Amino acid sequence: MDILVIGSGGREHAIVWCAAKSKRVDKIYCAPGNAGTAKTAENVSIKVDDINGLLKFAREKKIGLTIVGPEIPLVAGIVDIFEAEGLKIFGPNKAAAQMEGSKAFTKNLFKKYRIPTADFGEFDKSTDAVKYIKAHKKYPLVVKADGLAAGKGVIIAANEAEAIGAVKDIMDLKIFGGAGKRTVIEEFLEGEEASILAFTDGETVLPLPASQDHKRIFDGDKGPNTGGMGAYAPAPLITPALAEKIKNEILLPTVSALRSEGIIYKGILYAGIMMTKDGPKVLEYNVRFGDPETQAVLPLLKTDLLELCLASAEGRLKDIKMEIENKASITVVLASKGYPGDYEKGREIAGLDAFDNMNDVMVFHAGTTIKNGKIVTAGGRVLNVTAVAKDIRSAIEKVYKHIDKAHFEGVYYRKDVGRKALKWRFL
Ligand code: AMP
Ligand code: GLY
């Protein structure tokens, strides 16, 4: 069948790369894609939020399955619209996508169904939020804007003045736009984070190996937050026993809670988990594959990606046995100078051919485009170099051995991706 992948990041290149291995796939389209997806797929210049354009294209090309990368079209209801037209699509519908679209919706679901999370209050008036803060004595305190804020809507306040300032910024000054109509204020959870991405059809949950993102720009988790500077999997923090606990006490109760609310969640359920001294707690859900986690995790997937996506969309995941390589994987993001602040675009990228026939080392493009026949930078996060090896230590060695083969002026990457994993003695 012909498939359509929506998005243009490293995540979507990894999805295209993985889908291309499927025997069921004839042709892949990617909207809008990047210079990397153009090698395997045909890029079509339709934006991810142009749902009518995407629908028209899928209808005309008789697309057998659409895989949605980013959250924006999901939260806007692309799945409902495609399904109403009889088009198969992988991802949650609009009601289910509230899990990422509204923190208040998700936190209230956790409360109602007793799913372990940080204690919280939810406010639609800044005066009430300030009252709550004044009655609160323990710091830091976490202030979150309610809607989509491109991963930026979370402020960790060190004291009362900062917390009140955050509420005013979000609700009165609307620094995150419409996401500031409501805030969620919650207790700060201490611990290490992990990302659990799971296929689900609203009934069965099949978790991929746990991964860890590296959100800060500088080594040692310093500096401002980014979209993610690297990831590795499996994360030893999540032992097999813990993975089972997270599945049974967080993921399955979540899809079952949604079912009780009349919502069938299909697609990828991505739990941001904090491993606290009281056990795993869920910080947030995303309703899609993570970026850059996907670039590390999908290379470990042995099962046909298309089978998994189709089984999720058709509600028959219980018949699928998901197989994972007994190896480790790491991805390191190459970013433009200045990112996550202002950065330059249009720098020519050299050395990409070096990765063409390499075994277990891949380069997934993010912000790249083709200009006058040359591949140039077109975003903050530009490339992801991924290496797969027998264990995480060897994967780290491998990725850093090859990473400099790709080059552009001002290239920056973290040198310590995966280091967190090495503190575990059993490795
Ligand atoms: P969210 O968008 O809710 O995942 O928040 C983004 C990031 O903020 C998380 O990945 C955490 O690093 C941090 N964070 C969010 N909520 C909390 C919390 N309750 N305690 C500690 N850190 C948090
Ligand atoms: N890796 C963070 C995200 O995909 O939201």
Side-chain angles (χ1 to χ4, degrees), residues 7 9-12 14-15 68-72 74-75 97 99-107 110 116-122 136 138-158 163 166 170 176 179 183-197 208 210-217 221-233 235 237 268-278 280-298 331-333 340 364 366 380-381 384 414 417 420:
R11 165 180 58 204
E12 287 77 17
I15 293 170
V68 188
E71 64 278 13
I72 288 173
L74 294 168
V75 173
M99 293 285 282
E100 181 162 358
S102 166
K103 294 196 193 294
F105 169 85
T106 307
K107 293 294 286 192
F110 293 163
T117 188
D119 287 338
F120 73 101
E122 177 212 338
H136 186 94
K138 232 174 109 216
Y139 283 87
L141 189 61
V142 186
V143 183
K144 301 184 173 187
D146 181 45
L148 285 185
K152 296 196 189 86
V154 175
I155 296 171
I156 316 256
I170 294 173
F176 303 121
T183 48
V184 166
I185 302 183
E186 65 180 38
E187 89 182 290
F188 179 81
L189 295 179
E190 238 163 299
E192 214 178 299
E193 284 181 66
S195 305
I196 314 288
L197 279 61
L208 286 156
S211 53
Q212 269 186 317
D213 191 1
H214 295 59
K215 290 195 169 146
R216 306 295 195 96
I217 185 78
D221 294 331
K222 303 237 164 37
N225 263 328
T226 69
M229 295 302 293
Y232 64 90
L237 169 72
I268 290 287
L269 185 61
Y270 160 167
I273 297 285
M274 186 70 93
M275 273 310 308
T276 73
K277 61 175 181 7
D278 305 322
K281 293 192 179 183
V282 56
L283 284 177
E284 62 158 353
Y285 274 113
N286 293 318
V287 297
R288 49 169 175 82
F289 283 107
D291 189 337
E293 290 94 327
T294 303
Q295 296 88 300
V297 168
L298 282 187
T331 192
V332 179
V333 171
F364 296 122
R381 292 191 292 173
N384 309 255
R414 274 182 64 162
V417 176
K420 248 189 231 155

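In what follows, residues are counted from 1 in the order of the sequence shown. For ligands, and for the atoms within them, numbers begin at 1 and follow the listed sequence. On a predicted model such as this, the values are computed, not experimentally measured, just so you know.
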Next item on the list: List in chain and number order the residues that pass salt bridge (Lys or Arg N to Asp or Glu O under 4.0 Å) with Glu186, two or more places apart in sequence or in another chain; answer none if no residue qualifies.
Entry: Lys107, Lys144

Next item on the list: Only counting residues at least two apart or in another chain, list the ones meeting salt bridge (Lys or Arg N to Asp or Glu O under 4.0 Å) with Arg288.
Entry: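 Arg288 satisfies salt bridge (Lys or Arg N to Asp or Glu O under 4.0 Å) with Glu71, Glu100 only.
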
Notebook entry, point to check: Relative to ligand 2, is Glu293 under 4.0 angstrom through side chain, backbone, both or neither, heavy atoms considered?
Noted result: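 The answer is the side chain.
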
Check: Where's the contact between Met229 and ligand 2, heavy-atom distance under 4.0 Å: side chain, backbone, both or neither?
Finding: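 Neither; nothing of Met229 gets under 4.0 Å from ligand 2.
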
Check: Got an N/O contact under 3.5 Å between Arg11 and ligand 2?
Finding: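 Not met; the criterion fails.
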
Notebook entry, point to check: Among Glu193, Glu186, Glu284, which residue places a heavy atom closest to atom 2 (O) of ligand 1?
Noted result: Glu284

Item checked: Minimum non-hydrogen distance to atom 3 (O) of ligand 1, winning option of Arg216, Lys215, Lys144 -> Lys144

Next item on the list: Determine, stepwise, if the pair Lys281 / Ile273 fulfils side chain to side chain contact (heavy atoms under 4.5 Å, CB included).
Entry: CA-CA 6 Å; Lys281 293 192 179 183; Ile273 297 285; over 6 Å; no

Using side-chain heavy atoms (C-beta onward) and a distance below 4.5 Å, is [X] in contact with [Y]?
X      : Y      : answer
Asp291 : Phe364 : no
Val143 : Ile170 : yes
Lys420 : Asp221 : yes

Pull out every atom of ligand 2 sitting under 4.0 Å from any heavy atom of [X], numbered as shown with elements.
X      : result
Asn286 : 5 (O)
Gly290 : 4 (O)
Asp213 : 1 (N), 2 (C)

Check: Checking side chain to side chain contact (heavy atoms under 4.5 Å, CB included) for the pair Met229/Ile217: CA distance, chi angles, key distance, verdict?
Finding: CA-CA 7 Å; Met229 295 302 293; Ile217 185 78; 3.9 Å; yes

Item checked: Atom indices of ligand 1, in the order listed, that fall short of 4.0 Å to a heavy atom of Lys103 ->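 Taking each heavy atom of Lys103 in turn, ligand 1 has 1 (P), 2 (O), 3 (O) under 4.0 Å.
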
Notebook entry, point to check: What atoms in ligand 1 come closer than 4.0 Å to a heavy atom of Phe188?
Noted result: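 Numbered from 1, ligand 1 contributes 20 (N), 21 (C), 22 (N).
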
Next item on the list: Establish, yes or no, whether a centroid distance under 6.0 Å links the rings of Tyr285 and Phe110.
Entry: yes

Check: Does Leu189 approach ligand 1 within less than 4.0 angstrom via side chain, backbone, both or neither, non-hydrogen atoms only?
Finding: both

Next item on the list: Record the part of Glu190 in heavy-atom contact with ligand 1 below 4.0 Å; permitted values are side chain, backbone, both and neither.
Entry: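 It is neither; nothing of Glu190 touches ligand 1.
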
Notebook entry, point to check: For ligand 2, is there an atom lying under 4.0 Å from some heavy atom of Tyr270?
Noted result: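 The answer is yes: ligand 2 sits under 4.0 Å from a heavy atom of Tyr270.
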
Notebook entry, point to check: Mind checking whether Arg288 has a heavy atom under 4.0 Å from ligand 2?
Noted result: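 Under 4.0 Å: yes for Arg288.
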
Next item on the list: Output yes when a side-chain donor or acceptor of Asp146 lies under 3.5 Å from a complementary backbone atom of Lys103, and no otherwise.
Entry: yes

